[in-house]
Engineer: 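Below is the structure I would like to discuss, written out as structure tokens.
Remember, it's 1-based here, ligands and their atoms both numbered in the order they're listed.
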Amino acid sequence: MLDQATAGPTPETSTDDLAQAGVVGVTIVWADNNGIPRSRTVPIGAFGAAAERGVGVTPLFAVFDSHDAITFDHAPLGTPSGDIRLVPVSERLVRLSGQPGFAWVPGRQVAPDGSVWPYDQRGVLERQLSRASELGLDFLAGYEMEFHLSRAEDDDGGAHVRPVYDGPSYGPAKMLAVDGFAEQLLRDLDRNGVPIGQLHGEYGPGQFEFNIAPADPVTAADLQLLARQTVHAAARAHGLRASFAPLVNPGQVGNGWHLHTSLSRAGANLLSGGDGPAGMTAEGGAYLAGLLRDLPAIVAVTAPSLSSLQRLRPGYWSGAYTCWGVENREASLRLVPATPLLGGANANVELKPSDAAANPYLAMAAVIAAGLAGIEDGLTPPEPVQENPGLWSEEQRAGRDIRRLPTSVEEQLGALLANRRIRAALGEELTDAFRAVRASDAARADGRDPAEVLRSYRWLY
Ligand code: GLU
Ligand code: MG
């Protein structure tokens, strides 16, 4: 992970300037409970009004499932009636380099009278950050984003992934295979204000990855949404199609969107400079221990889809067991410690069971809530695990209190609903809507071939 950059879209001076520069529309984007971005586009001339009053959208987006079916299993949103307002966060307005006729802005969902709407995921994260700041704590967060690039041949409607490259992983020839795309992507990310550390050809055929520089958590979630749009635009411009699905092909590596967080007090990173394990301070260790304690419920939010469950397997560096380790890529929680070269500021915790199916605001809210609770309860982490716990016997794992993360929607929901800390962070209304959506996804997949389920998630994110 990088030192903190001044991350975030650079605001244009005014919508007049944007219009003069050829922008005709502004797309207001939010992410739903499936991690799927949804949007409304307003003409540039109507943006001022939209910024003041928002645009009307149905509250039922809170109960859209992954396949656009609306579930009415959450009683407060049990009818087609009602309207909420989608209000752009104007200071985040940015012209899209890859779609120069359009600007992009994240939105917040508010009640018709402008008050807090309990299903607004951005607001859920903001509440956790207020809690953190009352405790004198600041957070930084950043995503690593893996994706597969496929040739966008139209003949089969995208039913297959045709990897752009099938040679050695991580090699420069892999980058050469997507030369024009990679050039545009680096340019567009920079112009769109998404600072990244590196871009590389990843392990899987046609798989790539970049990591976004750390920023405050709300900005980090905004940047993750903006980065996806940027990738999709660059891919389309080069006859490619990007799949962000947690698992794209059976039996292959998945697309992790590892979530890195760190916390500081008065500017000092609490994950370094202490005398705890791997140099953590007592509070840093308590943060990590809080994440570990609530891991099954956190992962129900950070890797919540059927495709997520297919991705989380031992041996794939995706995190399958409840454990932490120092730089251990098979541990769900990988501590990246301070080093003499990088200094104390870079120390962070990476959550591996995290992917595109997570709403990024809810994912960070769940992580921060669990970590803050760990600090409030003064927890201490167990010994780190430096091996692959997937190669241990059940007895060995049980002896270290290491459990398999939930492998079904039912188990995930059980973990989430039994966890009062994560439920409270999400709020009771949103938690129940989230449950209804997951149940709807599970019902759709019931009895279907796993390969068909996998395919149904391939192009959603
Ligand atoms: N592709 C792996 C995953 O599903 C991660 C590989 C890595 O550690 O970069 O999370
Ligand atoms: Mg990777």
Engineer: Return the name of the atom in Glu209, of element N, O or S, nearest to the Mg ion (ligand 2).
Structural biologist: OE1

Engineer: Heavy-atom contacts under 4.0 Å between Tyr203 and ligand 1: side chain, backbone, both, or neither?
Structural biologist: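 None of Tyr203 does.
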
Engineer: Would you say ligand 1 has an N or O under 3.5 Å from any N or O of Ser318?
Structural biologist: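 No - when backbone and side-chain N and O of Ser318 are compared with those of ligand 1, no distance drops under 3.5 Å.
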
Engineer: Are Arg108 and Trp30 in a cation-pi contact, defined as NZ or CZ under 6.0 Å from the six-membered ring centre and within 45° of the axis?
Structural biologist: no

Engineer: What about the rings of Phe139 and Tyr287, do their centers lie closer together than 6.0 Å?
Structural biologist: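 Aromatic pair counts; centres sit under 6.0 Å.
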
Engineer: For atom 4 (O) of ligand 1, what is the closest protein heavy atom, and at what distance to 0.1 Å?
Structural biologist: Arg311 NE, 2.9 Å

Engineer: So is there a nitrogen or oxygen of Arg329 less than 3.5 Å from a nitrogen or oxygen in ligand 1?
Structural biologist: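 No; the residue has no nitrogen or oxygen that sits under 3.5 Å from a nitrogen or oxygen of the ligand.
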
Engineer: Numbering the atoms of ligand 1 from 1, which are under 4.0 Å from a heavy atom of Lys352?
Structural biologist: 8 (O)

Engineer: Please find out if less than 6.0 Å separates the ring center of Phe208 from that of His148.
Structural biologist: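 Not under 6.0 Å, so no.
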
Engineer: Which option wins on minimum heavy-atom distance to atom 9 (O) of ligand 1: Arg313, Glu202, Glu330, Glu350?
Structural biologist: Glu202

Engineer: For Asp190 and Arg187, what are the C-alpha separation, side-chain angles and deciding distance, and is it a salt bridge (Lys or Arg N to Asp or Glu O under 4.0 Å)?
Structural biologist: CA-CA 5 Å; Asp190 182 48; Arg187 185 183 305 120; over 6 Å; no

Engineer: Hey, which atoms in ligand 1 end up nearer than 4.0 Å to a heavy atom of Tyr316?
Structural biologist: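 Counting atoms of ligand 1 from 1, those under 4.0 Å from Tyr316 are 2 (C), 3 (C).
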
Engineer: Nearest 0.5 Å please: distance from the CG atom of Asn211 over to the NE2 atom of His200.
Structural biologist: 8.5 Å

Engineer: Name the residue from Leu225, Leu93, Asn192 that meets the side-chain contact (heavy atoms from CB on, under 4.5 Å) definition with Trp104.
Structural biologist: Leu225

Engineer: Under 3.5 Å, N or O to N or O, is Gly254 touching ligand 1 that way?
Structural biologist: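 Yes - when backbone and side-chain N and O of Gly254 are compared with those of ligand 1, one distance drops under 3.5 Å.
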
Engineer: Of the protein's non-hydrogen atoms, which lies at the shortest distance from atom 1 (N) of ligand 1, and what is that distance?
Structural biologist: Glu146 OE1, 2.7 Å

Engineer: Would you confirm whether Asn359, through its side chain, and Gly35, through its main-chain N or O, come within 3.5 Å as a donor-acceptor pair?
Structural biologist: no

Engineer: Before signing off on this row, confirm whether His258 and ligand 1 have an N or O atom pair separated by under 3.5 Å.
Structural biologist: yes

Engineer: Check each atom of ligand 1 against the heavy atoms of Glu209 and keep those under 4.0 Å away; list them by number with element.
Structural biologist: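 Numbered from 1, ligand 1 contributes 9 (O).
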
Engineer: Could you check whether Arg438 makes a cation-pi contact with Phe434, meaning its NZ or CZ is under 6.0 Å from the centre of the six-membered ring and within 45° of the ring axis?
Structural biologist: yes

Engineer: With a 6.0 Å cut-off on ring centres, are His232 and Phe147 close enough?
Structural biologist: no

Engineer: Measure from the side-chain N and O atoms of Arg397 to the backbone N and O of Pro389, and report whether any donor-acceptor pair falls under 3.5 Å.
Structural biologist: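 Flag set: sc Arg397 to bb Pro389 pair under 3.5 Å.
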
Engineer: To make sure I understand the geometry: which N, O or S atom in Glu146 is closest to the Mg ion (ligand 2)?
Structural biologist: OE2

Engineer: Using a strict 4.0 Å cut-off to heavy atoms of Gly256, name the atoms of ligand 1 that fall inside it.
Structural biologist: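 The list of qualifying atoms is 3 (C), 4 (O), 10 (O).
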
Engineer: Name of the Glu202 N, O or S atom nearest the Mg ion (ligand 2)?
Structural biologist: OE2

Engineer: Look only at interatomic distance and state if Asn255 has a nitrogen or oxygen under 3.5 Å from any nitrogen or oxygen of ligand 1.
Structural biologist: no

